[in-house]
Amino acid sequence: MTWACIFVCLVLCTNGVSAKLFRKVHGLETELNRLKCDMHDLLNTYKNEMGKSPFQNRSVDAITAAWQSTFPDGNYRTNTKNSIPFRQMNLRDPDTILRMAEYQAMVYCKSSILNSPSDISSIVKMSGKNLRVGNFTIAATGFDKYNVLYWYIAVNIPQQSIILVHRGTRSSNRNDVYDDLNRGRIHNSHGQLTGDFPYLLQSKDVYLDSGFYTRFRHEKIPIVTALRKILQQHSSPSFSFVVVGHSLGASWAFLNAAYFIGLNDINSRLSAIYTFGQPLLGSASFVNQVTTKFDTPSQRYVRTVNGNDLVPHIGCKECVQPQYSNEKWVMNTTQVIWKDCNGGADPQCSSGVPCNQLSWANHSAVGRFSMRSEFCRVANTIERHHEHKDNMQLVKQYERRQLKLGKRLAYVLRYGAEKEGLQVDEGWIFLSALAKIPLLSEYTENELLGEIQTSYSYRKTPRYQWETRPNGIYVRAAYGRKFERNPFHGQTQIRRLLDLALEYVCQNIDKYDFEGFPDEFLINEVIHRIKRNGKLTSRTLQGILSGTMEHLDLDGIYLTESGIRAVYTKCPNLRVLSLKGCGYILNDHYCEQLIRKCPLIESLDLSYCRHLTDRTLDNLTKYYSENLLHLILSGNQNYTGDAIVRLVSGCQHLRQLDIWDNPNCTNDVLNILIALGKSRSEDRAITIVHKHLQHPAVAPTNPWAVISAKTV
């Protein structure tokens with residue numbers, strides 16, 4: 001290559017070609033070498049080193065020793081600064097940067113590492129490990145299509161900070177890898193980017209890599225919605241807002257922060273942006289315009305590069321590092337020596353590392369501090385080793401205690417609050433009063449609030465809600481509230497007459513005939529009381545049911561053949577019916593009989609009835625096309641996408657359809673459902689609940705779900 005270039009240059013110079021053209025030809029060699037370097041990076045390093053960690057196959061003690069040496073004081077547990085507000089910290093101080101690295105590392109915590117019920121609860125456990133970040137709570141979260149944590153927002157009261165953390169590439173997630181490698185360009189020559197970044201110049205020289213831009217656009221609305229709510233809850237100017245990201249998440253964090261600049265209410269609270277191993281994401285013009293905004297009137301952007309990390313250097317000649325933002329470079333990862341650089345392209349810093357010396361090995365660390373799952377494993381192991389070295393039984397007791405808290409809290413906030421003597425106002429309960437009832441007296445208010453703020457259902461939605469009022473904090477269950485009546489008068493131990501009567505009736509149920517009995521609430525109460533006592537038989541159920549009933553709740557009641565027949569023979573006027581989890585006897589045959597002989601049903605819950613198939617959906621379409629309003633089908637994977645489409649198309653009055661976990665709803669099926677929903681008039685609008693579906697026309701209240709198909 002070199003001799004060929006010299007030969008071409010000699011020929012051109014002999015023919016009188018200018019020195020300027022000579023430099024262009026010479027630059028061709030440089031560019032080809034750069035291309036060769038990039039090909040080496042992508043084809044060799046990405047292929048062979050993806051997922052490797054400098055902490056693999058090492059003992060916990062060895063990792064801990066290397067880890068502690070990363071901190072300036074040689075001890076990652078020193079927490080003398082845990083109560084210092086973030087605004088009083090030096091943004092570029094290694095200690096501050098490593099705090100942000102701890103937040104970033106926790107986004108990779110997996111439930112399996114800490115033996116937790118979810119990834120979120122794993123992060124919450126880390127809050128109690130006496131780390132540099134101190135104690136914090138999780139205020140909001142986002143999940144990818146595989147229900148793996150995408151981003152989270154933490155609130156640290158002692159440090160008066162709100163931290164938005166973005167996850168990097170997960171190699172098993174095809175979308176992550178595609179966003180990494182999608183280097184198509186979105187130019188701003190006609191204002192394509194000014195909708196999100198209004199301060200950009202309209203120029204062809206201003207462009208973004210489409211993969212990173214797609215990731216940003218995908219989660220923009222859920223993040224801003226959650227962030228605004230949290231900033232309003234912590235409206236004091238002393239609270240700092242910080243954006244953090246690593247790898248793919250670093251580019252995502254950069255674009256989110258760039259978007260926040262155009263939102264005055266958020267930009268005024270934005271204190272710092274920290275990126276670790278950030279890839280090149282766009283043109284020099286774009287990056288420099290954004291970083292100039294970041295650092296006006298004061299510097300807020302801290303771009304950290306670890307040693308010879310490969311990722312910050314993958315890209316073309318025009319995709320340069322930020323010119324106007326100083327890089328924080330860990331120039332020696334063995335002795336952990338930090339260096340402040342004169343701009344991102346300073347040849348005395350990471351930009352000066354030869355291409356063939358770049359490596360993936362330092363990408364997931366800061367110094368010798370791991371920002372991947374090793375962090376959670378080591379921190380958890382150390383904590384358990386130090387606190388429970390010779391008594392692992394204490395750990396099991398703690399886990400059992402937390403499990404017991406979750407179950408008791410769910411019972412009180414959904415069913416038993418009034419029964420426990422608490423005042424309930426539309427489900428809201430005073431937290432201080434909640435902590436005083438005997439059932440929860442062994443837990444502190446902080447423990448209760450921590451469980452409430454971090455407990456999520458299998459659908460990744462919050463189980464509880466909380467709000468701050470002038471006299472304190474109030475909490476309630478987010479859904480499923482069916483409070484049992486207090487069996488006692490006020491604060492006394494005198495039983496209510498109604499409770500005594502119900503108890504007597506349930507004990508002597510064979511003596512009563514409920515035919516024509518007008519109070520449906522009491523009938524349903526009797527059914528569930530007898531069920532809890534383990535004495536509900538098909539004969540008993542048949543004696544309780546009445547032809548006047550319009551509402552019947554058989555949730556969780558195992559039905560036999562005679563029990564199912566009793567429902568459709570004795571209750572032909574039903575309008576609302578729940579058969580959730582009623583057992584394997586409820587099949588297509590019996591469901592068809594029920595549908596035909598109870599023609600007035602408007603709301604039907606068939607969730608977890610796992611022996612029903614498309615035949616039942618076709619019968620619903622045939623017999624309930626004019627009256628069915630609400631239908632729940634979650635927990636059953638037998639229904640095909642075609643049958644669901646026929647149902648939505650045929651039942652024109654259907655207002656709500658829950659198919660949350662149906663795996664047969666492909667992107668094509670979801671797009672057809674969106675089109676059907678959009679074609680309806682406003683008075684016949686339908687809401688469809690599916691974990692992969694989010695669309696303003698049919699699924700506006702599903703912020704956790706994502707549809708990867710093109711919306712119609």
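With a 4.5 Å cut-off on side-chain heavy atoms, L431 and L448 count as touching.
One finds the CG atom of D510 at 6.0 Å from the CZ atom of R539 (value rounded to the nearest 0.5 Å). In this structure, D642 CG and S649 OG are separated by 12.0 Å, a value rounded to the nearest 0.5 Å.
When only modelled atom types and interatomic distance are considered, E445 and S432 share a side-chain donor-acceptor pair under 3.5 Å. A donor and an acceptor atom, one from each side chain of T640 and D614, are located under 3.5 Å apart. Under 3.5 Å, the side chains of Y443 and N446 contain no donor-acceptor pair of N or O atoms.
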Exercise for the section: Check the pair E442 / R408 against salt bridge (charged side-chain N to carboxylate O under 4.0 Å, His left out), numbers first and verdict last. Expected result: CA-CA 12 Å; E442 64 181 282; R408 290 184 174 184; 3.4 Å; yes
Practice task
Apply side-chain contact (heavy atoms from CB on, under 4.5 Å) to the pair K678 and H695, showing each step before the final yes or no.
Solution key: CA-CA 10 Å; K678 292 175 66 177; H695 192 280; 3.9 Å; yes
Practice task
Apply side-chain contact (heavy atoms from CB on, under 4.5 Å) to the pair Q465 and E467, showing each step before the final yes or no.
Solution key: CA-CA 7 Å; Q465 299 170 337; E467 67 177 26; over 6 Å; no
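H528 is linked by a ring pair (Phe, Tyr, Trp, His ring centres under 6.0 Å) to nothing, counting only residues two or more places apart in sequence or in another chain. For R529, the side chain to side chain donor-acceptor pair (under 3.5 Å) partners are D499, E525, not counting sequence neighbours. Annotation: ring pair (Phe, Tyr, Trp, His ring centres under 6.0 Å) contacts of F514 (sequence neighbours excluded): F517. Judged as a ring pair (Phe, Tyr, Trp, His ring centres under 6.0 Å), and not counting sequence neighbours, Y568 has no contacts. For N508, the side chain to side chain contact (heavy atoms under 4.5 Å, CB included) test picks out Y504, K511, Y512, with sequence neighbours left out.
The minimum heavy-atom distance between L413 and R476, with the atom names listed, is CD1-C, 4.4 Å. The two residues N524 and H551 have their closest heavy-atom pair at ND2-O, 3.3 Å. For the pair I138 and Y152, the tightest heavy-atom approach, listed with the atom from each and the gap, is CD1-CD1, 3.7 Å. In terms of heavy-atom proximity, N573 sits nearest to G547 at ND2-O, 3.0 Å. Nearest heavy atoms, S607 versus K580: OG-CG, 3.1 Å.
Cation-pi check for R167 over Y150 is not met; the charged atom does not lie both under 6.0 angstrom from the ring centroid and within 45 degrees of its normal.
Within 6.0 Å of atom NZ in K229, 12 or fewer heavy atoms from other residues, nucleotides or ligands are found, so the atom counts as exposed in its surroundings.
Under the 3.5 Å distance criterion, the side-chain polar atoms of N636 are matched with a main-chain donor or acceptor of C609.
Under 4.0 Å is where a charged nitrogen must lie from a carboxylate oxygen, and between K691 and D661 no such pair does.
Contacts classified as side-chain hydrogen bond (donor to acceptor under 3.5 Å, both in side chains) and involving residues 582-602 (residues at least two apart or in different chains) are given here: E561-Y590, R575-E602, D588-T613, D588-T616, E592-R615.
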